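The structure appears below as structure tokens.
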Amino acid sequence: MKSSKLIYYILAGLVLLLVIVIGKESLSQPGMERFEGKYKALGSYRNENNTGPVIRVFAVKAIDSDLEWMEDYGNSLPHTKYGRTIVFFFADEIDQEIILSPKEPHFMSAFQPYLIASYEKTAMGEVRFKSEDE
């Protein structure tokens, strides 16, 4: 009788420890605050379709032009299954709002010289990251 209680308490302790570890890991994941000071949103577009493919287009001013950070930023943005997420990174010189549309090229051609890189996550989750220097 005492050994079954001991086994019960050991199992309950292990389950409680597992719940604590999972909770701690879930709440300590890095968020968008790690990008503060590196990027500034210049504009965004999201279509109003909630039953089909959701298209999200973002224009971002890249204060820090590290390409790895840009790709991490794109990966951190929301993405919907069978939807598309597109991010355009612009040079630090531009500081005005950019109006985006769902159709190519998504922004006015006057901003093209300021484009540093583009990021796209396709409908199947495939990531395409392209630097304009390439």
Side-chain angles (χ1 to χ4, degrees):
M1 181 86 169
K2 283 190 173 192
S3 66
S4 65
K5 271 189 172 182
L6 180 63
I7 292 173
Y8 172 76
Y9 287 129
I10 289 173
L11 286 176
L14 288 173
V15 168
L16 181 63
L17 180 67
L18 185 62
V19 167
I20 290 171
V21 168
I22 290 172
K24 180 181 173 272
E25 288 296 315
S26 297
L27 297 174
S28 66
Q29 294 297 316
M32 293 302 281
E33 68 274 352
R34 65 188 162 146
F35 299 113
E36 285 182 22
K38 294 182 182 290
Y39 303 104
K40 179 184 174 195
L42 297 175
S44 66
Y45 171 83
R46 182 195 186 279
N47 66 336
E48 296 185 20
N49 189 358
N50 288 326
T51 58
V54 175
I55 299 170
R56 292 180 173 95
V57 184
F58 299 93
V60 179
K61 173 182 170 179
I63 298 166
D64 182 359
S65 59
D66 182 17
L67 297 178
E68 286 183 34
W69 275 98
M70 289 183 196
E71 191 166 0
D72 284 347
Y73 184 84
N75 287 329
S76 298
L77 291 173
H79 178 71
T80 307
K81 186 176 181 180
Y82 302 121
R84 285 176 57 200
T85 300
I86 305 167
V87 185
F88 295 105
F89 296 95
F90 291 95
D92 195 20
E93 296 94 42
I94 195 164
D95 204 21
Q96 65 188 53
E97 183 179 354
I98 297 176
I99 297 172
L100 300 166
S101 73
K103 295 188 172 133
E104 296 277 341
H106 301 290
F107 57 89
M108 292 187 332
S109 60
F111 296 114
Q112 187 66 34
Y114 300 103
L115 186 65
I116 297 173
S118 60
Y119 170 95
E120 178 182 4
K121 189 177 272 190
T122 65
M124 299 309 288
E126 180 183 311
V127 173
R128 298 178 186 149
F129 183 76
K130 184 178 120 186
S131 170
E132 295 302 313
D133 294 337
E134 298 173 355

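Predicted, not measured: the structure shown is a model, and the values here were computed from it.
- Residues Val60 and Val127 are members of one and the same hydrophobic cluster, defined by side-chain heavy-atom contacts under 4.5 angstrom among Ile, Leu, Val, Met, Phe, Trp and Tyr.
- How far NZ of Lys81 is from CE of Met124: 8.0 Å, rounded to the nearest 0.5 Å.
- When all heavy atoms of Ala59 and Leu100 are compared, the pair lying nearest together is N-CD1, 3.6 Å.
- No single ILVMFWY cluster, assembled from side-chain heavy atoms under 4.5 Å apart, contains both Ile99 and Met108.
- For the ring-ring contact (aromatic ring centres under 6.0 Å, His included) criterion with Phe107, the lone passing option out of Phe88, Tyr45, Phe58 is Phe88.
- Interatomic distance, CG of Leu11 versus CG of Leu6, reported as 9.5 Å (0.5 Å rounding).
- Atom OH of Tyr114 has 12 or fewer neighbouring heavy atoms from other residues, nucleotides or ligands inside a 6.0 Å radius.
- Taking CD1 from Ile55 and CZ from Arg84, the interatomic distance works out to 6.0 Å, rounded to the nearest 0.5 Å.
- Here CZ of Phe111 is found 5.0 Å from CD1 of Ile98. Values are rounded to the nearest 0.5 Å.
- Following chains of ILVMFWY side-chain contacts shorter than 4.5 Å, one can reach Leu67 starting from Trp69, so the two form part of one hydrophobic cluster.
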- Message: Does Lys121 form a side chain to side chain contact (heavy atoms under 4.5 Å, CB included) with Asn75? I'd like the steps, not just the answer.
- Response: CA-CA 8 Å; Lys121 189 177 272 190; Asn75 287 329; 4.3 Å; yes
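- At least one side-chain heavy atom of Thr80 sits under 4.5 Å from a side-chain heavy atom of Arg56.
- With hydrogens and angles ignored, the 3.5 Å screen pairs a side-chain donor or acceptor of Thr85 with a backbone N or O of Pro78.
- In this structure, Met70 and Tyr119 have side chains that are not in contact, with every pair of non-hydrogen atoms separated by 4.5 Å or more.
- Between the His106 side chain and the Val87 main chain, no donor and acceptor come within less than 3.5 Å of each other.
- Across all non-hydrogen atoms, the minimal contact from Asn47 to Pro53 is ND2-O, 3.2 Å.
- Minimum interatomic distance between Lys61 and Ile94 (heavy atoms only, all atoms of both residues): CD-O, 3.3 Å.
- The distance from atom NZ of Lys130 to atom CG of Leu115, rounded to the nearest 0.5 Å, is 8.0 Å.
- For the atom pair CZ (Phe90) and NZ (Lys40), the distance works out to 13.5 Å, reported to the nearest 0.5 Å.
- Minimum heavy-atom separation, Ser131 to Ala117: CA-CB, 4.0 Å.
- Between Ile22 and Glu25, every side-chain heavy-atom pair lies at or beyond the 4.5 Å cut-off.
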